[in-house]
Protein chains: 2
Amino acid sequence: MSKNGYPTNDPELRSWIESANNPAGDFPIQNLPMGVFSKTGSEDPPRVCVAIGDQALDLSECWSAGLFAGTPVESENVFETSALNEFLAMGHSAWSSVRQRVSTLLRHDTPTLRDDAELRATALNPIADITLHMPVRIGDYTDFYASIHHATNVGSMFRPDNPLLPNYKRLPVGYHGRASSVIVSGEPVRRPHGQLRPDESAEPVFGPSRLLDYEFEMGFFTGPGNEIGERISMDEAMSRIFGMVIVNDWSARDVQKWEYQPLGPFNAKNFATSISPWVVSLDALSPFMEAPKPRGPEDPPVLDYLKPVGESAIAIRLETLIQSKQMRERGMDPMILSRGDFRDMYWTIDQMLTHHTSTGCNMRPGDMLASGTVSGAAEDSRGCMLELTWRGSRPIRLPTGEERKFLEDGDVVVMRAYCERDGAARIGFGECRGEIVPAK
Amino acid sequence: MSKNGYPTNDPELRSWIESANNPAGDFPIQNLPMGVFSKTGSEDPPRVCVAIGDQALDLSECWSAGLFAGTPVESENVFETSALNEFLAMGHSAWSSVRQRVSTLLRHDTPTLRDDAELRATALNPIADITLHMPVRIGDYTDFYASIHHATNVGSMFRPDNPLLPNYKRLPVGYHGRASSVIVSGEPVRRPHGQLRPDESAEPVFGPSRLLDYEFEMGFFTGPGNEIGERISMDEAMSRIFGMVIVNDWSARDVQKWEYQPLGPFNAKNFATSISPWVVSLDALSPFMEAPKPRGPEDPPVLDYLKPVGESAIAIRLETLIQSKQMRERGMDPMILSRGDFRDMYWTIDQMLTHHTSTGCNMRPGDMLASGTVSGAAEDSRGCMLELTWRGSRPIRLPTGEERKFLEDGDVVVMRAYCERDGAARIGFGECRGEIVPAK
């Protein structure tokens with residue numbers, strides 16, 4: 001166990017599932033992200049699974065075979081269900097027990113499942129043969145704005161004299177998002193209509209957004225929450241978070257620009273938000289956690305209720321890629337647009353959760369909080385097209401010769417995230433993918 | 001049936017439940033609002049009921065007695081449940097059938113229930129003896145800003161030169177709210193902590209909000225929604241709305257002022273939102289609907305997708321009252337703070353729903369949309385203390401001699417709403433009540 005009480009990441013540990021032992025893979029035995037799946041084409045109701053190499057382990061089948069005896073889930077099959085919420089409600093010690101049990105089952109020297117051909121046949125499914133669903137029934141979704149590079153870049157476009165507002169370094173600025181339209185990777189994203197004012201000297205019009213964008217964010221799911229009127233402190237926050245996913249906060253910039261004053265982004269964001277299907281636990285991420293960077297001399301001190309208490313900055317590497325329709329037709333791979341690092345955020349996930357509940361706002365198991373666009377200091381680490389093309393003034397050239405200021409119909413945006421360092425197995429998130437389909 | 005296809009409000013129709021025939025009552029046979037209740041002190045699970053006079057009619061018992069035979073709910077008891085969501089999902093023709101059936105059961109000349117003492121004993125409960133719960137499991141909660149008087153007043157405090165932003169008359173400005181902390185009337189509201197900057201020349205601090213306020217709004221619940229990527233048009237919008245409640249959007253003005261730029265209100269609003277427990281159907285409200293007032297010559301035209309198509313302005317009268325702890329101790333009744341009219345809103349509920357879904361944002365049965373503070377042109381029709389006391393500069397004197405700039409601990413805020421006009425029975429909402437309890 002690490003000092004956080006999390007199972008360690010022992011890079012030497014191997015699984016009897018050979019595909020999990022690929023050092024470049026996303027899903028080694030040290031990861032064990034959870035998802036919700038059904039067999040493609042099957043009418044069976046969805047169930048909870050764990051990714052291991054190129055396989056999905058059906059935890060409901062494992063439960064039925066008695067493999068969770070002696071763990072906190074023993075008395076009820078919380079995996080025979082279409083969302084992780086019940087399991088999330090059980091809290092950190094249950095999460096860790098289940099993780100430990102699954103890890104034991106899958107390690108190279110545990111024969112229980114390895115040598116039981118019949119059980120293997122029902123419990124293991126090639127990921128290529130399954131459909132992954134929304135892993136969580138999201139109660140509320142909140143979006144933050146925690147990258148100071150993103151906030152400064154966007155602010156300098158809209159308020160050149162005053163890019164960063166005075167509250168920015170004092171609290172993690174956030175807003176409530178739309179939960180109903182959070183969708184899982186792979187679902188298409190329809191170009192939204194909206195009210196726009198492309199010509200500021202003319203009347204606004206209603207029509208398809210012309211400035212469609214993505215935003216690369218990381219999201220996290222809460223487990224046991226707090227009663228209304230109670231708070232979650234920095235000391236408690238990390239243990240209340242189950243795990244993380246990639247979030248693509250699709251944004252209609254022209255809708256946003258016209259609507260957002262004075263109450264914030266609304267229709268510009270609520271048409272779709274995509275998430276990756278595998279939830280990577282904080283337990284799996286713990287070897288990549290470190291203390292937040294000390295604030296610089298130009299930064300104000302952090303108020304006590306948000307003071308860092310441990311290792312909650314997480315070194316997650318991010319990549320965004322694009323593939324136009326023409327690229328697909330010509331057999332070209334997606335092209336990298338940017339690479340970022342989640343460590344560059346000004347605010348950490350425990351600060352977001354603590355600030356959010358500081359009013360007594362209640363969290364429920366399965367609420368999702370997202371970080372806001374992850375942008376770094378470097379130009380090629382900017383997490384959205386608005387920043388990368390600087391509002392369309394520096395178009396991106398695709399390998400086909402096409403240019404992009406914003407997204408076009410048929411464009412596929414692919415986001416990937418992973419943790420890597422010497423002495424630890426790679427922990428990957430898989431991908432979050434979405435194709436823009438034309439407005440109706 | 002009225003021209004909308006709604007049952008008419010026949011003021012002559014009487015119920016065999018005598019308390020329903022009081023012309024000053026909220027719940028005559030013409031109203032029939034729905035709620036979710038349990039008998040106070042009982043361990044029985046909550047069920048759906050209808051208010052009639054001073055009684056609550058248990059629809060689950062009625063269903064079990066076969067009283068819904070021949071209606072769309074015949075095959076499944078959607079009332080033996082703790083929320084209206086299933087019933088909301090059934091749509092307008094089911095709502096109208098059930099309303100018609102309940103109306104028939106309760107009219108003076110229908111003996112079925114009237115003359116069945118045994119069934120009456122199980123199906124009718126005095127409202128005084130029941131506990132009312134949250135009527136709906138709210139998926140997403142959205143808050144608008146649809147009173148031009150409120151927007152102008154608040155805007156002129158914060159931006160004296162530019163009170164009303166250019167988008168205001170073009171689209172119903174709104175923002176996503178927090179669903180988890182929507183609570184039912186009667187639940188206490190704990191004064192929130194938050195980050196504040198009371199002295200703008202000094203550092204921000206963290207502590208209990210000092211400028212706690214209420215906002216009188218009206219909310220409405222959606223029934224069958226739209227798939228993601230689809231839209232709800234003005235022609236369809238009214239039929240997708242089941243009914244309305246009173247909403248108190250409690251607000252911490254000091255938190256709001258410091259946090260709200262650039263992404264809008266967040267922690268200032270997410271600690272609690274109270275709603276009245278009885279959902280009054282649009283069917284019951286239809287006699288009080290009228291065409292929206294034509295826009296004035298100074299107003300820009302409405303874009304086509306938001307053009308009014310019928311009678312969707314609703315003449316609902318609103319009252320806010322306050323009762324301090326001292327007033328209660330001295331046996332004084334709550335004091336009226338303001339009286340408003342929902343007809344004064346610049347945007348109507350069908351415009352809110354249509355605009356919200358215009359991007360393809362999906363609505364689910366039980367999503368709640370609220371209007372924003374209902375303020376009229378007159379000073380005594382302002383729907384929050386921020387406006388009534390003009391940011392605390394004109395304190396309100398209570399009958400005890402106490403003064404209020406904002407809410408103090410122990411204050412109870414009571415909101416009432418009703419529709420009244422000649423030739424129609426009064427349709428009331430009951431009340432939405434909440435007491436401020438001290439910060440922890």
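Computed from a predicted model, the values in this text were never measured in an experiment. Numbers restart at 1 for each chain; the letters A, B, ... are given by sequence-line order, proteins then strands.
For chain B, the nearby part of A/E230 is the side chain; its heavy atoms alone come within less than 4.5 Å. Of the atoms belonging to A/I228, it is side-chain heavy atoms, and not backbone ones, that fall under 4.5 Å from chain B. When heavy atoms are compared at a cutoff of 4.5 Å, A/R231 approaches chain B solely by way of its side chain, counted from C-beta outward.
Of residues 203-214 of chain A, those residues lying under 4.5 Å from chain B by any heavy-atom pair are A/E203, A/P204, A/V205, A/F206. At a heavy-atom separation below 4.5 angstrom, chain A is approached by B/R159, B/L165, B/P166 within residues 156-166 of chain B. Residues of residues 144-152 of chain B having a heavy atom under 4.5 Å from any heavy atom of chain A, listed by number: B/F144, B/Y145. Of all residues spanning residues 432-440 of chain A, those with a heavy atom less than 4.5 Å away from chain B's heavy atoms are A/K440, arranged by number.
Taking each heavy atom of B/E259 and A/N167 in turn, the nearest pair found is O-ND2, 3.5 Å. Looking at every heavy atom in both residues, B/S358 comes nearest to A/N267 through OG-ND2, 3.7 Å. The two residues B/R170 and A/Q195 have their closest heavy-atom pair at O-NE2, 2.9 Å. Closest non-hydrogen pair, B/G229 versus A/R190, comes out as O-CD, 3.5 Å. Looking at every heavy atom in both residues, B/D367 comes nearest to A/R178 through OD2-NH2, 2.7 Å.
In terms of heavy-atom pairs under 4.5 Å with chain B, the best-connected choice from A/S180, A/G264, A/P192 is A/S180. Of the residues considered (B/T359, B/D304, B/L171), B/T359 shows the highest number of contacts with chain A, using heavy-atom pairs under 4.5 Å. The candidate from B/P262, B/G139, B/G360, B/G194 with the greatest count of non-hydrogen atom pairs under 4.5 Å with chain A is B/P262. Ranked by heavy-atom pairs under 4.5 Å with chain B, the first of A/I183, A/V189, A/D143, A/L263 is A/L263.
From A/K269, atom NZ reaches atom SG of B/C361 across 14.0 Å, with rounding to the nearest 0.5 Å. To the nearest 0.5 angstrom, A/D140 atom CG is 7.0 Å from B/D140 atom CG.
At most 12 non-hydrogen atoms from other residues, nucleotides or ligands lie less than 6.0 angstrom from CZ of A/R137.
Here the two rings, on A/F266 and B/H176, have centers that are under 6.0 Å apart.
No donor-acceptor pair under 3.5 Å is formed between the side chain of A/S181 and the backbone N or O of B/N362.
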